[in-house]
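A short write-up of the structure that comes next.
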Amino acid sequence: MANDRPSNWNAVDLLPAGGLEGKAARGTPLRVKLGIDPTAPDIHLGHTVALGTLAAFQEAGHAAVLIIGDYTARIGDPSGRSGERPVLSADELDRNARSYAEQAFKILDRDRTEVRHNSEWLAKLDFAELLRLTRTMTVARMLKRDDFANRMAAQEPISVTELLYPLVQGYDSVAVQADVELGGTDQLYNLLAGRDVMQAYGLEPQVALTLPILVGTDGTERMSKSRGNYIGVAEPPSDQFGKVMSIPDSATADYWRLCLRRDPPELEPMQAKLALAAAIVTRYHGEPAAAQAEAHFTRVVRERGTPEDVPVLEVAADTVHLPEVLKRQFGESTSHWRRLIEQGSVRVNGVPATELNLPAERLSDALVQAGRRRFVRLRLGTGALEPRSRPDAAGC
RNA sequence: GGGGGAGUUCCCGAGUGGCCAAAGGGGACCGGCUGUAAACCGGUUGGCUCCGCCUUCGGAGGUUCGAAUCCUCCCUCCCCCA
């Protein structure tokens with residue numbers, strides 16, 4: 001049936017040829033593995049490409065095995081890396097692991113997903129077993145892969161631990177007896193190494209299915225938290241909407257296919273992107289939230305209006321130092337806000353601010369806008385702006 | 001174990017005694033324009049009680065009127081030979 005066709009899986013590679021059909025012919029549900037290392041607290045749309053395919057296998061009646069790489073994260077996957085990954089603390093990894101699984105269920109069917117943490121078997125792996133594992137691979141084969149070859153050429157460090165990564169990932173496949181493993185195209189090497197490891201352990205090698213890499217909001221680099229070009233599945237609706245709108249037009253079609261597993265609609269670029277943003281927000285927050293996010297976008301970004309909900313900040317009755325107020329509300333430094341005020345991009349009640357201090361009489365209920373999208377309403381109160389204001393009773 | 005090289009502001013990367021808060025690029029932010037938080041063009045990009053002051057160039061000392069730049073020791077990393 002149509003569901004079993006690779007086109008439905010967004011697959012780039014499906015190796016070996018015919019392998020999947022062969023396994024499917026057994027008639028029993030396949031065990032489809034996807035591993036995610038909890039290196040950051042949130043899942044973003046980049047992760048959802050493979051998760052979506054895993055969900056598609058689920059729908060087709062196969063078994064989804066989601067591996068939270070709480071142990072492999074300690075090694076650091078070298079795939080696509082130009083340098084070593086920073087190692088997170090055990091606490092952080094635990095926290096991340098929890099939120100990962102939770103967020104993954106926005107895509108997967110919770111009741112039909114087998115979630116495993118690879119610490120379950122890797123923590124018990126003893127040295128003899130590790131040695132057995134390392135004999136399945138040669139250094140020459142390892143160093144042939146692009147990531148390492150490039151780093152060698154650039155005289156950059158490669159740790160022995162990193163070399164171990166593909167083997168350990170392969171060991172995961174042994175542990176869960178995977179029939180198929182999913183991963184981005186950058187995972188091809190690891191997925192194939194898994195085949196060798198399985199064979200060495202007397203198992204039928206898994207089928208490797210690779211998926212396209214989703215570009216981030218910049219439209220060129222792969223989506224990743226560390227590059228700051230990501231759209232998180234747990235982000236607030238209006239942020240998701242805005243971020244989707246910020247992707248280049250050229251990326252919209254891919255987003256439709258990879259994030260939503262749908263064909264892009266035949267619309268003008270702007271309309272297609274608006275529809276995409278709405279569809280993505282709907283998926284993760286529901287339709288009402290999507291409608292609100294779109295309204296917010298239209299109002300604030302397209303029409304340059306004021307949002308419906310503006311946060312209120314209490315300030316003391318003394319003259320208010322604008323940079324300090326902005327720093328309080330939005331972070332950054334007072335120097336940063338000074339610069340923006342100089343550039344005329346901070347408005348008080350719609351008028352560009354020319355002075356740094358705001359006299360008390362102009363302060364009451366003042367709407368302060370910093371740049372296009374940041375707003376705060378000031379309200380007189382006891383909220384003393386340290387350190388320049390003295391403790392006074394006048395405020396009450 | 002021996003020899004060589006490197007650590008600069010968010011990132012990459014110039015800078016080898018004062019003209020350095022430190023070139024250039026990337027990123028980010030702001031502005032213009034626009035169909036968007038796209039594209040394109042322009043500006044900004046250490047901090048502060050901000051036209052002056054303070055803190056930065058792996059760390060700690062030292063030389064000097066003055067050091068990212070010179071000296072000493074230490075830490076980290078890379079390469080080559082073994």
Side-chain angles (χ1 to χ4, degrees), chain A residues 45 81-87 143 148 150-162 215-232 235-255 264 267-278 280-281 293-305 307 318-328 330-347 352-357 368-375 385-390:
Chain A
L45 293 183
R81 281 272 146 173
S82 54
E84 254 184 282
R85 283 177 189 256
V87 177
L143 296 182
F148 290 143
N150 292 339
R151 280 161 69 179
M152 289 290 278
Q155 307 202 324
E156 273 159 12
I158 299 168
S159 69
V160 175
T161 335
E162 288 180 276
V215 295
T217 51
D218 54 67
T220 41
E221 304 256 40
R222 68 175 297 160
M223 183 174 286
S224 86
K225 170 98 177 180
S226 53
R227 289 206 183 82
N229 63 357
Y230 71 102
I231 303 174
E235 283 191 89
S238 58
D239 285 354
Q240 279 185 346
F241 198 97
K243 283 189 178 187
V244 173
M245 290 308 290
S246 80
I247 67 172
D249 290 347
S250 58
T252 35
D254 273 349
Y255 269 59
L267 295 169
E268 293 301 304
M270 178 67 175
Q271 293 308 315
K273 205 149 68 172
L274 282 168
L276 172 71
I280 287 176
V281 178
E294 177 151 16
H296 179 272
F297 184 81
T298 305
R299 185 177 174 134
V300 178
V301 179
R302 303 182 71 184
E303 295 170 357
R304 306 205 171 171
D318 303 29
T319 298
V320 173
H321 192 57
L322 214 41
E324 220 164 290
V325 172
L326 293 167
K327 175 183 178 179
R328 257 193 152 194
F330 304 117
E332 308 284 355
S333 64
T334 55
S335 299
H336 177 256
W337 296 114
R338 270 170 187 273
R339 283 181 219 115
L340 290 195
I341 290 167
E342 277 164 31
Q343 292 180 34
S345 26
V346 174
R347 291 164 178 268
T354 50
E355 291 168 55
L356 299 175
N357 291 316
V368 179
Q369 175 179 10
R372 197 79 86 202
R373 285 154 27 222
R374 292 200 260 208
F375 296 85
L385 263 182
E386 81 302 354
R388 57 176 51 240
S389 63
R390 310 159 265 155

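Values in this document were obtained by computation on a predicted structure and should not be read as measured data. Order of the sequence lines sets the chain letters (A, B, ...), proteins ahead of strands, with each chain counted from 1.
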*Between C50(B) and T334(A), is there an OP1 or OP2 to side-chain N/O distance shorter than 4.0 Å?*
no

*asked:* Return the CD to CG distance between Q240(A) and L45(A), rounded to the nearest 0.5 Å.
replied: 7.0 Å

*When the C1' atoms of U55(B) and A22(B) are considered, how many whole Å apart are they?*
14 Å

Give every pair of a protein N or O atom and an N or O atom of nucleotides 20-23 of chain B that lie under 3.5 Å apart, one pair per line with the distance.
none

*Any salt bridge (charged side-chain N to carboxylate O under 4.0 Å, His left out) involving residues 294-303 of chain A? Give me the pairs, sequence neighbours left out, ordered by first then second residue.*
R299(A)-E308(A)

_Any N or O donor-acceptor pair under 3.5 Å from the base of C50(B) to the side chain of S335(A)?_
yes

*Looking only at atom P, what distance separates U8(B) and A68(B), rounded to whole Å?*
16 Å

*asked:* Rounding to an integer number of angstrom, what distance separates C50(B) and G5(B) when you compare their C1' atoms?
replied: 42 Å

_For D249(A), give me all partners under salt bridge (charged side-chain N to carboxylate O under 4.0 Å, His left out), at least two apart in sequence or on another chain._
K273(A)

*Quick one: is C50(B) close enough that its OP1 or OP2 comes under 4.0 Å of any side-chain N or O from R338(A)?*
yes

Throw together a table of side-chain donor-acceptor distances under 3.5 angstrom for residues 330-340 of chain A, partners on residues two or more places apart or in other chains.
unit_1: S333(A); atom_1: OG; unit_2: H336(A); atom_2: N; d: 3.1
unit_1: W337(A); atom_1: NE1; unit_2: G331(A); atom_2: O; d: 2.9

*asked:* Rounded to whole Å, how long is the line connecting atom CD of E324(A) with atom P of G47(B)?
replied: 15 Å

*If each of E342(A) and S333(A) is mapped to the nucleotide of RNA chain B with the nearest heavy atom, which maps nearer the 5' terminus, i.e. the 5' end?*
S333(A)

*asked:* When the C1' atoms of G26(B) and G2(B) are compared, how many Å lie between them, rounded to an integer?
replied: 40 Å

Listing time: all N or O pairs from protein to nucleotides 36-43 of chain B that are below 3.5 Å?
unit_1: U36(B); atom_1: O2; unit_2: M245(A); atom_2: O; d: 2.4
unit_1: U36(B); atom_1: O2; unit_2: K273(A); atom_2: NZ; d: 3.3
unit_1: U36(B); atom_1: N3; unit_2: K273(A); atom_2: NZ; d: 3.0
unit_1: U36(B); atom_1: O4; unit_2: D249(A); atom_2: OD1; d: 3.1
unit_1: U36(B); atom_1: O4; unit_2: D249(A); atom_2: OD2; d: 3.2
unit_1: A37(B); atom_1: O2'; unit_2: S246(A); atom_2: N; d: 3.3
unit_1: A37(B); atom_1: N6; unit_2: S238(A); atom_2: O; d: 3.3
unit_1: A37(B); atom_1: N1; unit_2: R373(A); atom_2: NH2; d: 3.4
unit_1: A37(B); atom_1: N3; unit_2: R373(A); atom_2: NH2; d: 3.4

_Applying ring-ring contact (aromatic ring centres under 6.0 Å, His included), can you list everything that pairs with Y255(A), at least two apart in sequence or on another chain?_
none

